Protein chains: 2
Amino acid sequence: MPPALAVSTVILGIRTDPEHGGTRLWMPLVKRIRQPYRGQWALPGGPVGARESLGEAAGRTLAETTGLRPSYLEQLYTFGDPDRSPTQRLVTIAYFALLTEAQVGATVSDPNVAWYPAYGEHSPQLAFDHRKIVDYALWRLRNKTEYGQVAHRLLGDRFTLAQLREVYEAVLGRSLDPANFRRQLKNTSSIEATDEFLAGGKHRPPRLYRYIGHGPDPLEVDRTS
Amino acid sequence: MPPALAVSTVILGIRTDPEHGGTRLWMPLVKRIRQPYRGQWALPGGPVGARESLGEAAGRTLAETTGLRPSYLEQLYTFGDPDRSPTQRLVTIAYFALLTEAQVGATVSDPNVAWYPAYGEHSPQLAFDHRKIVDYALWRLRNKTEYGQVAHRLLGDRFTLAQLREVYEAVLGRSLDPANFRRQLKNTSSIEATDEFLAGGKHRPPRLYRYIGHGPDPLEVDRTS
DNA sequence: CAGCGTTAAAGTCATTTTGACATTAACTGC
DNA sequence: GCAGTTAATGTCAAAATGACTTTAACGCTG
């Protein structure tokens with residue numbers, strides 16, 4: 001029996017928790033409509049087509065099931081134990097993707113697709129070994145040396161320092177001192193102040209900053225073609 | 001045409017450079033005896049058996065070609081572009097392994113297996129996209145948060161602070177101040193002084209230290225079975 | 001066996017970075 | 001115009017870092 005190829009993708013975006021206020025990492029999940037694990041939430045994914053690359057398959061399957069078009073895609077890990085599937089050998093390549101808040105809005109309206117916190121007590125049970133995949137995605141995110149890159153992919157090209165700090169807090173899972181955070185980032189050369197301010201707020205308008213990229217992450221999937 | 005599964009492994013160990021003195025990262029390579037890239041050096045690897053896991057396949061193929069039994073194995077990246085092979089689709093899962101100096105000695109005596117520096121001008125050209133795989137292995141090694149773990153896998157369970165510093169220098173590619181290095185490591189709880197000393201040297205005998213593990217790296221392949 | 005060369009280990013000190021907190025600035029709503 | 005809130009800057013002690021010096025413990029040589 002020849003092996004079958006599939007991809008699964010952890011899609012992460014920031015959302016403000018409607019109950020508790022703080023910004024958190026959320027992910028869209030799809031409800032399984034057949035056995036095994038029927039009715040449980042699972043990561044978006046599907047089989048790899050014969051003429052597409054693994055990264056293309058990840059981008060295509062997540063777009064088909066969720067409607068999303070993430071700005072960042074990175075390969076995570078490959079699962080291929082011989083007994084993962086009772087019939088033939090199933091090799092699954094896991095990816096993880098990052099979304100800006102603007103991109104989050106494009107989620108399809110479908111009762112079988114819903115957003116959930118990526119970790120913590122409100123994060124649901126997942127089908128297969130998908131919880132392990134999500135935890136590994138979070139582990140890699142937290143262990144990245146260049147957080148500026150990550151924050152940029154979650155925020156878009158213009159952002160305030162408060163937004164940037166909330167992303168860091170959501171990823172690291174702990175709160176940071178706003179004043180010290182500001183000082184540290186001003187010392188790095190990874191962000192640059194613009195002459196624009198975020199209007200419409202109720203208080204002093206914060207300045208907008210821009211990310212100065214140092215080239216792509218060596219892990220990023222090239223999807224320019 | 002169904003996909004074929006294969007593994008390739010970057011095996012890294014420390015060796016003292018016979019010419020220039022310093023400790024460097026070296027890797028064993030195997031010479032290709034058939035087309036394509038016949039005569040060029042390549043990473044050890046081979047097809048995945050029907051009843052073995054991907055990690056088992058990596059451990060088996062590297063042992064068969066090099067005779068080595070590394071103390072550490074970690075999955076790196078999966079390559080699966082549809083046009084990698086002219087005949088059928090070839091999916092290669094790359095691994096990287098770490099060896100202690102004791103384990104390096106067990107290399108098979110075979111003219112088609114030889115050790116080379118893992119990076120720098122004396123590192124040879126490699127077949128296929130294997131240079132990219134090696135560079136990615138080095139990138140991940142350098143971006144690990146827990147260097148103590150890495151050093152432990154390259155040195156064994158007892159080591160002097162000078163040896164530990166040489167490992168850090170070989171991985172990071174720059175020299176470190178011995179006194180400051182000592183101070184930093186004494187503040188972490190990752191190593192512990194033993195009451196033993198390394199005898200036989202020409203100078204003051206250095207104290208031996210032991211690594212205090214914080215559990216395995218989440219990426220490590222479990223090969224206890 | 002005293003002195004020298006070499007490496008191990010500990011100590012010194014000025015500079016930089018960090019964490020905790022205070023102060024000033026700029027806006028909205030009443 | 002004043003209270004309330006967030007943005008942005010400033011202050012300062014503690015901790016960490018980098019460059020360097022000093023002392024200790026060997027083997028080797030004469």
Side-chain angles (χ1 to χ4, degrees), chain A residues 14 16-17 20-23 101 142 145-148 151 155-156 158-211, chain B residues 14 16-17 20-23 101 142 145-148 151 155-156 158-211:
Chain A
I14 48 170
T16 304
D17 193 322
H20 307 84
T23 300
E101 262 178 302
R142 292 183 178 125
T145 44
E146 260 285 358
Y147 275 176
L155 288 171
R158 299 290 158 102
F159 45 84
T160 71
L161 286 181
Q163 291 173 328
L164 189 58
R165 178 173 50 83
E166 278 166 9
V167 169
Y168 275 65
E169 289 177 341
V171 171
L172 292 172
R174 61 191 175 93
S175 57
L176 302 168
D177 183 276
N180 295 336
F181 179 79
R182 173 184 307 274
R183 179 179 57 190
Q184 282 196 323
L185 280 194
K186 290 226 164 177
N187 288 342
T188 74
S189 55
S190 63
I191 62 163
E192 185 184 62
T194 71
D195 51 0
E196 300 164 64
F197 293 82
L198 181 65
K202 298 179 178 175
H203 309 291
R204 174 173 175 177
R207 183 182 289 273
L208 291 172
Y209 289 79
R210 187 205 334 257
Y211 175 68
Chain B
I14 49 170
T16 305
D17 192 322
H20 306 84
T23 300
E101 264 179 300
R142 291 183 179 125
T145 44
E146 260 285 357
Y147 277 176
L155 287 171
R158 299 289 158 102
F159 45 84
T160 70
L161 287 180
Q163 290 173 328
L164 189 58
R165 178 173 51 82
E166 278 166 10
V167 169
Y168 275 65
E169 289 177 341
V171 171
L172 292 172
R174 63 190 173 91
S175 57
L176 302 168
D177 183 275
N180 294 336
F181 179 80
R182 171 184 308 272
R183 180 179 56 192
Q184 282 197 325
L185 280 195
K186 290 226 163 177
N187 287 342
T188 75
S189 55
S190 62
I191 62 164
E192 185 184 64
T194 72
D195 51 1
E196 300 164 64
F197 293 82
L198 180 64
K202 298 179 178 176
H203 309 290
R204 175 174 175 175
R207 184 183 289 272
L208 289 173
Y209 289 79
R210 184 203 339 252
Y211 175 69

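As the structure is a computational prediction, the values presented were derived from the model and not from experiment. Order of the sequence lines fixes the chain letters, A, B, ..., with proteins taken first and strands second; residue numbering starts at 1 for each chain.
Distance B:Leu185 CG to D:dT17 C1': 14 Å, rounded to the nearest Å. The distance between atom NZ of A:Lys186 and atom C1' of D:dA8, rounded to the nearest whole Å, is 8 Å. The distance from atom CZ of B:Phe197 to atom C1' of D:dA25 is 10 Å, rounded to the nearest whole Å. Across the protein-nucleic acid pair, A:Gln184 atom CD and D:dA15 atom P stand 17 Å apart, rounded to whole Å. A:Phe181 places its CZ atom 12 Å from the P atom of D:dA7, with the value rounded to the nearest Å. Rounded to a whole Å, the CG atom of A:Asn180 is 16 Å from the P atom of D:dA13. One interatomic measurement links the two molecules: CG of B:Asn187 to P of D:dA16, which rounds to 7 Å at whole-angstrom precision. Protein atom CZ of B:Arg174 is 10 Å distant from nucleotide atom P of D:dA19, rounded to whole Å.
In this structure a side-chain-to-backbone donor-acceptor pair under 3.5 Å is present from A:Glu169 to A:Leu176. Side-chain atoms of B:Thr160 never come within 3.5 Å of backbone atoms of B:Arg207 as a donor-acceptor pair (strictly under, hydrogens ignored). A donor-acceptor pair is defined here as one N or O able to donate and one able to accept, closer than 3.5 Å; no such pair exists between the side chain of B:Arg182 and the backbone of B:Leu161.
Smallest separation of non-hydrogen atoms from A:Leu185 and A:Tyr168: CD2-OH, 4.2 Å. B:Leu164 approaches B:Ala151 most closely through the heavy-atom pair CD1-CB, 3.1 Å.
Residue A:Arg204 places a side-chain atom within donor-acceptor reach of the base of D:dA7, judged by atom type and a 3.5 Å distance cut-off alone.
Along DNA chain D, the nucleotide nearest to A:Asp177 and the one nearest to A:His203 differ in position, and the one closer to the 5' end is contacted by A:His203. Taking for each of A:Leu208 and B:Arg183 the nucleotide of DNA chain D with the nearest heavy atom, the 5'-most of the two is the partner of A:Leu208.
A heavy-atom distance below 4.5 Å is not found between the side chains of B:Leu208 and B:Asp195.
Within 4.0 Å (heavy atoms only), A:Ala162 reaches sugar-phosphate atoms of the nucleic acid but no base atom.
Looking at A:Glu196, A:Lys186, A:Glu192 one by one, the single match for side-chain hydrogen bond (donor to acceptor under 3.5 Å, both in side chains) with A:Tyr209 turns out to be A:Lys186.
Interface limits on DNA chain C: the 5'-most and 3'-most nucleotides within less than 4.0 Å of chain B heavy atoms are C:dG5 to C:dT12.
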